[in-house]
Amino acid sequence: MSAPARRREPPALPNRVLPYGRQVIEEDDIAAVAEAMRGDFLTTGPYVGRFETQLAKTVAANHAVVCANGTAALHMAARALRLGPGSKIIVPAITFLATASAPHIAGADVIFADVDPASGLMRPQDLVDALHRAGKVDAVFNVHLNGQCGEIEEIAAIARAHGAHIVDDACHALGTGYVCDDGHVTSIGANRFCDLSVFSFHPVKAIAMGEGGAVTTNDPAMASRLVLARNHGMTRDPQAFTNIEDAFDADGVANPWYYELIEPEFNWRANDIQCALGLSQLGKLGRFVARRRALAAAYDSKLAALAPLVRPVARTRRCLPAWHLYAVLIDFEALGLSRGQVMRRLQQHGVGSQVHYYPVYRQPYYAQRHDVGPLAGADRYYARTLSLPLFASMTEADVTFVVETLAGCLA
Ligand SMILES: Cc1ncc(COP(=O)(O)O)c(C=O)c1O
């Protein structure tokens with residue numbers, strides 16, 4: 001059989017391609033990391049607690065537990081909720097793999113919920129439908145896609161009435177706010193409508209740690225379990241020791257070398273170098289979020305000329321989004337172009353783009369375990385979505401360039 005004809009390679013890339021997302025690192029971030037590296041501890045040192053205190057303050061949570069990355073944070077959340085074999089969780093179909101896979105690796109079965117085709121967010125009715133299919137569910141992992149949250153109060157009410165815990169996958173949503181039914185504004189991460197919130201500090205996110213993540217909670221028992229889940233499931237707390245003879249000296253003082261295993265866990269720690277960078281970046285969150293909002297507003301107005309073929313994702317009513325991604329919905333069918341063609345053309349003209357996300361329930365591994373047919377809302381969102389460049393060091397001129405390039409590529 002002859003090999004299929006190879007398509008022609010696209011022309012050479014221009015010198016500069018605007019990526020869909022990237023970190024903003026300034027001289028004081030570099031100085032903060034250098035300072036940490038001159039210290040006595042590169043890991044389990046003072047920057048870990050400092051970062052946690054500052055993050056908890058930033059999102060108005062009682063406790064923050066920092067860790068290696070957002071995936072580790074999701075795994076720790078699953079462990080803290082005691083999810084394991086026999087547990088069931090609900091995850092919206094449009095998200096990154098880790099929202100499903102981290103709790104699944106902990107043992108939970110995943111039931112995928114559909115989403116709003118216009119925003120990519122799980123709606124209350126999507127949750128009701130998924131609960132109906134699932135039977136008894138232990139936890140709902142909700143996702144604040146692109147930095148936007150949906151009807152989180154209604155979703156919390158439904159999950160709680162069912163007896164399920166709620167984890168917010170807020171990896172996109174550090175800095176996002178929500179106007180509650182009672183008129184108060186709460187931060188995502190404050191856990192007013194969930195038990196745990198999970199963050200990622202990957203370089204494309206609102207702040208960068210290289211790799212980094214965290215879980216916030218208001219429940220001290222949950223915070224203790226998160227700390228165990230981060231560090232081998234071992235404790236140095238004498239009150240928790242059960243091997244009394246080995247743990248304590250004859251005079252009743254705990255032996256200095258002794259630690260005790262409660263339940264085996266991984267090492268999901270973040271080190272002091274990461275935390276020093278995170279701490280420095282956290283101080284800039286307000287500026288970064290304001291910039292992202294201004295750039296998103298500039299996109300909104302400049303893209304109006306391309307409607308209805310190109311539209312920003314639908315905005316939810318009560319959210320004050322800290323836009324992580326600037327996603328648009330493009331009617332590729334009406335344009336007679338494939339998304340791949342458009343992405344390649346954009347790239348050739350200096351504009352990076354990405355798709356967030358291929359529905360996770362369609363991944364072969366999960367498709368084999370999926371309980372119903374297609375999830376129409378997720379498929380429709382996926383068919384049209386494209387993320388355009390958005391990061392805090394972009395200028396309005398960059399936005400104009402992206403919109404004009406997109407218009408040209410769609411022509
Ligand atoms: C929604 C969502 N959840 C979880 C993760 C995992 O975070 P990390 O890459 O820090 O492991 C990501 C990262 O892209 C994400 O976008």
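When a residue number appears, it is its place in the shown sequence, counting from 1. Just so you know, ligand 1 is whichever comes first in the structure, and atom 1 is the first atom listed for that ligand. Just so we're clear, the structure is a prediction, and the values are computed from it rather than from any experiment.
- Annotation: Met234, atom CE; neighbour count of heavy atoms from other residues, nucleotides and ligands within 6.0 Å is above 12.
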For ligand 1, run through the N/O pairs with the protein that fall under 3.5 Å and put one pair on each line.
| residue | atom | partner | partner atom | Å |
| --- | --- | --- | --- | --- |
| ligand 1 | 3 (N) | Asp169 | OD1 | 3.4 |
| ligand 1 | 3 (N) | Asp169 | OD2 | 2.7 |
| ligand 1 | 10 (O) | Gly70 | N | 2.7 |
| ligand 1 | 10 (O) | Ser200 | OG | 2.8 |
| ligand 1 | 11 (O) | Gly70 | N | 3.3 |
| ligand 1 | 11 (O) | Thr71 | N | 2.9 |
| ligand 1 | 11 (O) | Thr71 | OG1 | 2.5 |
| ligand 1 | 14 (O) | Lys205 | NZ | 2.8 |
| ligand 1 | 16 (O) | His172 | NE2 | 2.8 |
| ligand 1 | 16 (O) | Tyr357 | OH | 3.0 |

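- In terms of the side chain to side chain contact (heavy atoms under 4.5 Å, CB included) criterion, residue partners of Arg362 (sequence neighbours excluded) are, by chain and number, Tyr358, Pro359, Pro374, Asp379.
- Using a cutoff of 4.0 Å between basic side-chain nitrogens and carboxylate oxygens, Glu153 and Arg160 are not scored as salt-bridged.
- At distances below 3.5 Å, at least one donor-acceptor pair connects side-chain atoms of Gln274 with backbone N or O atoms of Asn271.
- Electrostatic pairing of Asp114 and Arg133 does not count as a salt bridge here, judged by no charged N lying under 4.0 Å from a carboxylate O.
- Within 6.0 Å of CZ in Arg315 there are more than 12 heavy atoms belonging to other residues, nucleotides or ligands.
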